[in-house]
Number of protein chains: 2
Amino acid sequence: MSQTVDRALSILPLLAGGPADLGQVADRLGVHKSTALRLLRTLHAHGLVHRQPDQRYRLGARLFALAQEAVENLDVRGIAHPHLVELNERCGHTVHLAVHEENEVLYIDKVDSRYPVRMYSRIGKPVAITVAAVAKLLLADLPEPERRALAGKLDYPRYTSRSTPDAAAFLAELATVREQGWAADLGGHEESINCVAAPVRGADGRVVAAMSVSAPNVVVTAEELLGLLPLVRRTADAISRELSGTASPGHEPAP
Amino acid sequence: MSQTVDRALSILPLLAGGPADLGQVADRLGVHKSTALRLLRTLHAHGLVHRQPDQRYRLGARLFALAQEAVENLDVRGIAHPHLVELNERCGHTVHLAVHEENEVLYIDKVDSRYPVRMYSRIGKPVAITVAAVAKLLLADLPEPERRALAGKLDYPRYTSRSTPDAAAFLAELATVREQGWAADLGGHEESINCVAAPVRGADGRVVAAMSVSAPNVVVTAEELLGLLPLVRRTADAISRELSGTASPGHEPAP
DNA sequence: ACGAGTGTTGCAGAGAATGCAACGCGATCT
DNA sequence: AGATCGCGTTGCATTCTCTGCAACACTCGT
């Protein structure tokens with residue numbers, strides 16, 4: 001809605017791919033060099049882009065600071081974190097917390113596995129929306145029309161043979177997930193990695209976040225991982241209660 | 001240099017403090033509501049701002065993604081990371097990597113302590129520039145006029161009784177650090193926390209990053225921490241060599 | 001049911017951003 | 001060395017875009 005700002009902001013993703021000089025920015029924006037220069041200057045003044053010694057531009061420091069402040073201001077995260085840590089201590093696997101925003105699902109917190117295995121996830125990165133267990137939970141809670149509209153717009157990459165193939169299968173899976181109140185991803189993203197996930201609900205019962213435990217086949221089988229489901233669901237419920245203000249924070253409810 | 005973009009970007013730090021509605025944004029920007037609305041819409045279209053269910057605005061998801069991509073494109077970080085992990089495994093303490101940018105020093109990587117202690121640092125957050133060991137190293141390498149100019153512009157908060165009190169003391173400290181090639185912070189930021197740091201240099205010998213090991217008094221004394229200095233320096237040097245392309249990546253040089 | 005407080009839209013004026021052309025500067029090539 | 005190319009930078013006139021206003025739509029709370 002604002003051409004100038006629109007152009008300026010288009011520079012950021014452009015620079016995310018790597019540093020670029022003035023000419024490249026101008027070309028890819030389709031504007032004159034002097035225009036690009038002034039936009040870059042403004043971005044620079046706000047610290048969003050940084051000028052390297054070789055005069056090329058790249059994304060700047062303020063961007064990190066902003067992202068950090070943003071993520072810390074999410075109340076779900078603050079409340080959930082100790083629970084994630086506790087869950088990790090009990091089962092040892094990687095624990096993720098994700099939210100849904102603007103047709104993307106992204107991790108906002110992560111506690112790493114105690115086993116020496118690498119997982120390709122990072123806080124802030126959009127997840128594989130068609131296969132991830134947390135994504136299914138978050139999307140399954142959308143009103144039906146939105147769900148259908150979204151499912152139609154998505155791509156369905158075949159990460160593995162067990163990836164969700166198309167919109168119809170995805171909607172069916174969402175219906176199941178919605179029904180049972182939890183979700184799993186058994187090798188749908190990476191062949192050897194399984195996840196189980198449970199929803200975190202706000203005071204109004206709507207799903208505001210989803211939490212998952214992930215582990216590779218080499219550590220535990222899918223069956224063993226599914227055995228953790230009760231624990232995962234209990235943890236998610238505890239977060240939900242605390243989020244709604246109806247629970248004692250920090251302590252388990254008396255048995 | 002561009003009023004419209006300038007105003008739009010001013011919204012971001014404003015929103016970093018927490019969600020705000022249209023009226024608040026307009027007021028704090030000093031513009032008409034309709035203007036603020038259009039700016040917010042543009043930011044929204046780029047995913048930098050997100051609209052909550054209650055219609056208030058807060059920072060959006062794309063911001064994380066951008067910050068992530070940006071940090072991953074820093075070659076220092078990618079090269080240094082395995083070294084930081086290795087250092088952490090050897091000594092067990094928290095390891096930081098920081099760079100200097102636009103009169104700020106900020107952490108771009110961190111490996112957490114294996115001891116159960118909290119440290120108030122986060123990737124992307126500007127560090128206490130007048131006291132942190134990594135900051136001293138990075139600033140000590142600046143050309144003398146820049147160093148003096150910067151020292152004059154800084155604030156010198158008295159975090160503790162051992163914080164750097166003023167510009168003169170800071171410049172003196174920088175001179176020492178520059179001379180000896182390493183730096184320490186003994187309780188200058190938080191009374192009970194000490195750090196030792198060493199510089200990472202690029203091919204031209206200039207300091208491009210700084211690495212530190214931090215630990216609280218309750219775990220190791222300042223003397224013991226200083227005993228780790230040779231190890232820290234060796235690690236920093238290894239990163240420097242790899243960064244300059246003059247070393248075997250991943251392996252220690254043969255003895 | 002009413003009013004206050006929001007967010008939202010069309011419009012005309014004004015101010016700001018744009019592209020052009022020229023300049024300075026450094027690196028490269030002959 | 002001299003010349004040339006490439007790049008970033010600046011002043012300026014034109015034009016387009018952004019701005020603020022005022023009126024409208026809408027949701028709450030009373």
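What you see is a predicted model, and the numbers here were worked out from it, not measured in a lab. Note on naming: letters A, B, ... go to the chains in the order of the sequence lines (proteins, then strands), and numbering restarts at 1 for each one. Side chains included, hydrogens not; waters and symmetry mates left out as well; all remaining heavy atoms used.
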Give a yes or no answer on whether the side chain of [X] reaches the backbone of [Y] with a donor-acceptor pair at less than 3.5 Å.
X	Y	answer
B:Tyr156	B:Val131	no
B:Gln52	B:Asp54	no
A:Asp155	A:Pro157	no
B:Arg77	B:Ile108	yes
A:His46	A:Leu48	no
A:Arg58	A:His50	no
B:Ser10	B:Asp6	yes

With rounding to the nearest 0.5 angstrom, report the [atom1] to [atom2] distance, [X] to [Y].
X	Y	atom1	atom2	answer
B:Leu15	B:Leu43	CG	CG	8.5 Å
A:Glu179	A:Leu174	CD	CG	13.0 Å
A:Leu40	A:Lys33	CG	NZ	13.0 Å
B:Ile79	B:Ser240	CD1	OG	10.0 Å

Could you give the angle between the helix axes at the two ends of the helix from C:dA1-D:dT30 to C:dT30-D:dA1, with five pairs per end, rounded to 10 degrees?
-> 40°
Where is the tightest heavy-atom contact between B:Ala98 and B:Leu138, given as atom of each residue plus distance?
-> O-CD1, 3.8 Å
Contact residues, residues 26-42 of chain B to DNA chain D [heavy atom, < 4.0 Å] = B:Val31, B:His32, B:Ser34, B:Thr35, B:Arg38
From the 5' end of DNA chain C to its 3' end, which nucleotides mark the outer limits of contact with chain B, defined by a 4.0 Å heavy-atom distance cut-off (strictly under)?
-> C:dG7 to C:dA17
Treat primed atoms plus P, OP1 and OP2 as sugar-phosphate and everything else as base, then score nucleotides 24-30 of chain D 5' to 3': B for base contact with protein heavy atoms under 4.0 Å, S for sugar-phosphate contact only, - for none.
-> -------
5′-ward residue of the pair A:Gln55/A:Met1 relative to DNA chain D | A:Gln55
Do NZ/NE/NH1/NH2 and the carboxylate oxygens of A:Glu104 and B:Arg62 come within less than 4.0 Å?
-> yes
In plain terms, say whether A:Asp21 and A:Arg56 are close enough for a salt bridge, that is, a side-chain N and a carboxylate O under 4.0 Å apart.
-> no
Using a cut-off of 4.0 Å on non-hydrogen atoms, how would the nucleic acid contact of B:Arg51 be classed: base, sugar-phosphate, or nothing?
-> sugar-phosphate
Listed once per pair and sorted, the side chain to side chain donor-acceptor pair (under 3.5 Å) pairs that draw on residues 130-143 of chain B, sequence neighbours left out = B:Lys136-B:Glu173, B:Asp141-B:Arg206
Kindly state which residues belonging to residues 3-16 of chain B come within less than 4.0 angstrom of DNA chain C, counting heavy atoms of the residue only, listed by number.
-> B:Gln3, B:Thr4
